[in-house]
Amino acid sequence: MPIMELLLQHGPAHAGAADFGGRTPCHMAALKGHLGAVQRLVRARADAAAQALDGRTPLDMARRGQHARVIGYLEGLQRQAEADGEALLAARAVLRTLLQRAADAAAAGTP
């Protein structure tokens with residue numbers, strides 16, 4: 001992990017650097033079952049759902065390596081992202097409704 005820390009010290013953008021196949025450090029850490037490295041990369045803003053050129057994500061790589069702890073962690077992140085996405089859609093719908101009501105009230109000349 002010292003090499004990874006050195007890489008991240010030069011800027012968090014390195015957390016998402018990809019190789020010729022589009023694999024990121026998160027892909028490789030997941031493939032090797034390095035849960036601590038995956039967690040560190042995610043804290044450094046690595047995209048845990050990044051797709052390599054072959055379409056595989058770090059979760060796919062963890063499954064390929066049969067690393068249950070990494071799989072569980074990445075599935076938890078995936079569930080959280082899905083829940084956050086649903087909450088965002090609901091908030092947008094409420095905002096759209098409120099804006100429409102305000103526009104309707106303005107058009108009708110009522111405050």
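We're numbering straight along the sequence, starting at 1. Note that the coordinates shown come from a computational prediction; the quantities given were computed from them, not determined experimentally.
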Partner set under side-chain contact (heavy atoms from CB on, under 4.5 Å) for [X], not counting sequence neighbours:
| X | answer |
| --- | --- |
| R69 | L35 |
| H34 | A29, K32, A37 |
| E75 | L59, R63, I71, R79 |

For Q66, the side chain to side chain donor-acceptor pair (under 3.5 Å) test, sequence neighbours excluded, returns none

Taking side chain as C-beta onward, heavy atoms only, is M61 less than 4.5 Å from H67? no

Check whether any side-chain heavy atom of V42 sits under 4.5 Å from a side-chain heavy atom of Y73, and report yes or no. yes

Side-chain donor/acceptor of H27 to backbone N/O of D60, under 3.5 Å: no

Pairs meeting criterion salt bridge (charged side-chain N to carboxylate O under 4.0 Å, His left out) with involvement of residues 17-26, two or more places apart: D19-R23

Show the nearest heavy-atom pair for residues A50 and P58, with the distance to one decimal. O-CD, 3.3 Å

Search all heavy atoms of L74 against all heavy atoms of A62 and return the closest pair with its distance. CD1-CB, 4.3 Å

Let me check something: any side-chain donor-acceptor pairs from residues 88-100 under 3.5 Å, sequence neighbours excluded? List them with distances.
| residue | atom | partner | partner atom | Å |
| --- | --- | --- | --- | --- |
| T97 | OG1 | A93 | O | 3.0 |
| Q100 | NE2 | D104 | OD1 | 2.7 |

For D47 and C26: C-alpha separation, side-chain torsions, deciding distance, then whether side-chain contact (heavy atoms from CB on, under 4.5 Å) applies. CA-CA 8 Å; D47 183 359; C26 196; over 6 Å; no

